[in-house]
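Below is one structure, written out as C-alpha cells; comments come after it.
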Amino acid sequence: MHKATKATLTIGDTTIELPVLTGTEGERTIDISALRKQTGMTTFDPGYVNTAACQSAITFLDGEKGILRHRGYPIEQLVKECEFVEVAYLLVHGALPDKRQREDFSSKLNRHSMLHEDMRFFFRNYPERAHPMAILSSMAISLSTFCPEVEEMDVDAQVDEAMTTLLSQLRTIAAFSYRKFEGKPFVYPDHKLRYCENLLKMMFDSPVEPYELDPVLVRAMNALLIIHADHEQNCSTSAVRLVGSSGANLFASIAAGICALWGPKHGGANQAVIEMLEGIRRDGLKVSDVVTRAKAKDNPFRLMGFGHRVYKTYDPRARIAKKLCDQVLERLGIKDPLLDIALELEQAALADDYFVERKLYPNVDFYTGIVFRAMGIPTDMFTVMFAIGRLPGWIAHWIEWMNDPYQRIGRPRQLYVGPVTQDVVPLAKR
Ligand code: ACO
C-alpha cells in the first residue's frame, strides 16, 4: 500500500488533510480513519458503496473492464488449468501448490472428510422439505461443537484444523443435505476419489444404480466451484470478516457467511433465476413483458441474475458459466427450454435503454442454475453449491483479517434520526 498524495477536506473554517492510499493495481482510497478524531464527524455511506473496509491481497476485480483475478491469476486461466482444490489452496496459502503440495492437501482433505457419526443423526430431525441452506449453516456451527479445541488454538493452528474440517466436511454435509432432501440413503466419501468426484458421487450414487463419473461433468463441477471461489468484499465475505472481528472462531464466522449468502440479492439469486425462468415458461409470459415488469418502479420485481454492485459490464464468471451451459447440455444431450428463455431474456435486456443506462449485465448467477439443473441438482441446492465454492474465499479472508495489523472489531457508526429525549409515562397513564 502506497501513501503519496493527500486529499484536503474543508468543513466550515476547518481544513484537514487526509492521506490517499494507492493499491497495487492503481486503485485509490482516501484514508478517513482519523476523521472523527479530527472533525467530530463520520461519513454516511449506506451499503458501503464507497467504503474500502480493509486492505486485501487475495482478489482483484475491475468492474468497468470485467476483470477478475485471484492472487494475480485471471479467472479464465484458473478455470482452464486448475482443479478447485488448487484454487482453494491458492486463495488460502497465497500461491498455487506444486504437485506434492496438491497431493498433501488433497489427502488431508480426504482424511478429514468423515463426519462425526453423531452429526449424521442431526439430519434425521429436520423437517422433510427443510431448505438445504438452513441445514448447511446450522451444521457449519455444529461442527465447532465437535472441535472444541479450536477455541484454545492460535490463529495458525485453528486455521489448519478448522479449514480442512470445513472444506472437506461441508462438502459431505452438502451432499447429505441433498440426500435428505431426496429421501435417499447417505453415501460416504471415498478416499480414492478427488474432491469434485467425491462430491458428485456422494450426491448421486445409489446402491441400485451406481453413478458413473463423467470427466466432462467432473470438469464442469470444478469450473463451477472455481468461479464461485472468491469475490473480494461481497456481502457474505464481509459478514465473515465482521463476525470474525469479534473474536468468534472460524466455524461461527463461516456459518454467518452462509446465512448472508442465502439471500436472493446475493447467492440465492441462482435459485431465483431458475424460478423466474420456470415461471416465464409455465405461465407462457412474453420476454418483453418480463423486461417491462423489471423496469417498472412500482413493482419490486427485478430481473434475477442481472446487475452487480461492482461489475458495470459483463461478469467474466457469467461468460464462463454460459460456455459451461453449452458443454454440459451437449454432453448430456439435453435441450433445456429454460436456456432458450435465458438467451432471449439476455438479448432483450442488453438491447433495452433501461439496462444499458444502468449498466446491468448478466452476473454469475444467470447461467449457473441451468448447468446445475442439467447435472441433476435440484433448485433448492444451487446456493449450497455456491457456498461450497465460496468457502475457500471466506476462509482466506478470515485468515487475512485475523493477521491484518489494522484489524479491529467491526463497528460502524450511524446517523441517529429518532426521537430526542422524552420522559417515560407510567403504564397506568399511557
Ligand atoms: N432488474 C431491474 N433493475 C435493476 C436490477 C435488476 N436485476 N438491478 C439493479 N436494477 C436497477 C435498480 O432498480 C436501480 O435503478 P434506479 O437507479 O432507477 O433506482 C439501479 O439499477 C441500481 O441498482 P441498485 O439496487 O442501486 O444496485 P446495487 O448495487 O445496490 O444492487 C444487486 C446490486 C443487488 C446485485 C442488484 O443489481 C440486484 O438486485 N440484482 C438482482 C439479484 C441478483 O442477481 N443478485 C446476484 C448478484 S451477484 C452475487 O451476489 C453472487
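Because only heavy atoms are used, hydrogens play no part in the values below, and waters and symmetry mates are left out as well, while side chains stay in. All figures in this text were calculated on a predicted structure; none of them were measured in a lab. Residues: numbered from 1 along the sequence shown. Each ligand, and each atom within it, is numbered from 1 in the order the structure gives.
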Taking everything shown except E330 itself, do over 12 heavy atoms lie less than 6.0 Å from its CD?
no
Heavy atom to atom 37 (O) of ligand 1, shortest distance: which of G47, G307, A296, A318 holds it?
G307
Looking at ligand 1, does D365 have a heavy atom less than 4.0 Å from it?
yes
How close does the nearest protein non-hydrogen atom get to atom 24 (P) of ligand 1, and which residue and atom is it?
R302 NH2, 4.1 Å
Can you check whether R317 has an N/O within less than 3.5 Å of an N/O in ligand 1?
no
Is it true that K335 and D340 have a side-chain N and a carboxylate O under 4.0 angstrom from each other?
yes
Would you say the ring centroid of F366 lies under 6.0 angstrom from that of Y361?
no
Measure from NZ or CZ of R171 to the centre of the six-membered ring of Y195 and say whether it is under 6.0 Å with the direction within 45° of the ring axis.
yes
Side chains of S56 and E400: is there a donor and an acceptor less than 3.5 Å apart?
yes
S236-H266 side chain donor-acceptor pair, cut-off 3.5 Å
yes
Heavy atom of the protein closest to atom 45 (N) of ligand 1 (residue, atom name, distance)
K265 O, 3.0 Å
Check for me whether the distance between the ring centres of H231 and H70 falls short of 6.0 Å.
no
If the cut-off is 4.0 Å to any non-hydrogen atom of A269, which atoms of ligand 1 fall inside it?
43 (C), 44 (O), 45 (N), 46 (C)
Check whether Y314 forms a cation-pi arrangement with R319 (NZ or CZ under 6.0 Å from the six-membered ring centre, at most 45° off the ring normal).
yes
Whether R390 engages the ring of F386 as a cation-pi pair (distance to the six-membered ring centre under 6.0 angstrom, angle to the ring normal within 45°) should be assessed.
no
Among all protein non-hydrogen atoms, which one is nearest to atom 42 (C) of ligand 1, and what is the separation to 0.1 Å?
M304 CE, 3.4 Å
Under 4.5 Å between any side-chain heavy atoms of Y311 and L68, yes or no?
yes
Any protein heavy-atom neighbour for atom 35 (C) of ligand 1 (distance below 4.0 angstrom)?
yes
Ligand 1 contacted by Y354 (non-hydrogen, < 4.0 Å)
yes
Looking only at protein heavy atoms, what sits closest to atom 50 (O) of ligand 1 is H266 ND1, 2.8 Å
G305 versus ligand 1: do any nitrogen or oxygen atoms come within less than 3.5 Å of each other?
yes
Looking at ligand 1, does any of its N/O atoms fall within less than 3.5 Å of an N/O of K312?
no
Quick check on atom 40 (N) of ligand 1 - does any protein heavy atom sit closer than 4.0 Å to it?
yes
Any protein heavy-atom neighbour for atom 17 (O) of ligand 1 (distance below 4.0 angstrom)?
yes
Can you find an N/O atom of F306 closer than 3.5 Å to an N/O atom of ligand 1?
yes
Going by heavy-atom distance to atom 48 (S) of ligand 1, choose the closest among H308, R358, R309, K295.
H308
Which is closest to atom 4 (C) of ligand 1 by heavy-atom distance: V310, L303, L360?
L360
For ligand 1, is H228 a contact, meaning one of its heavy atoms is under 4.0 Å away?
no
Examine ligand 1 and decide if any of its atoms is less than 4.0 Å from a heavy atom belonging to A294.
yes
With heavy-atom distances below 4.0 Å as the criterion, list the atoms of ligand 1 near K297.
13 (O), 15 (O), 16 (P), 18 (O), 19 (O)
F204 and Y178: aromatic ring centres closer than 6.0 Å?
yes
Below 4.0 Å from any atom of ligand 1, is there a heavy atom belonging to F386?
yes
State whether a side-chain donor-acceptor pair under 3.5 Å links D45 with T51.
yes
NZ or CZ of R293 within 45° of F301 ring axis and under 6.0 Å
yes
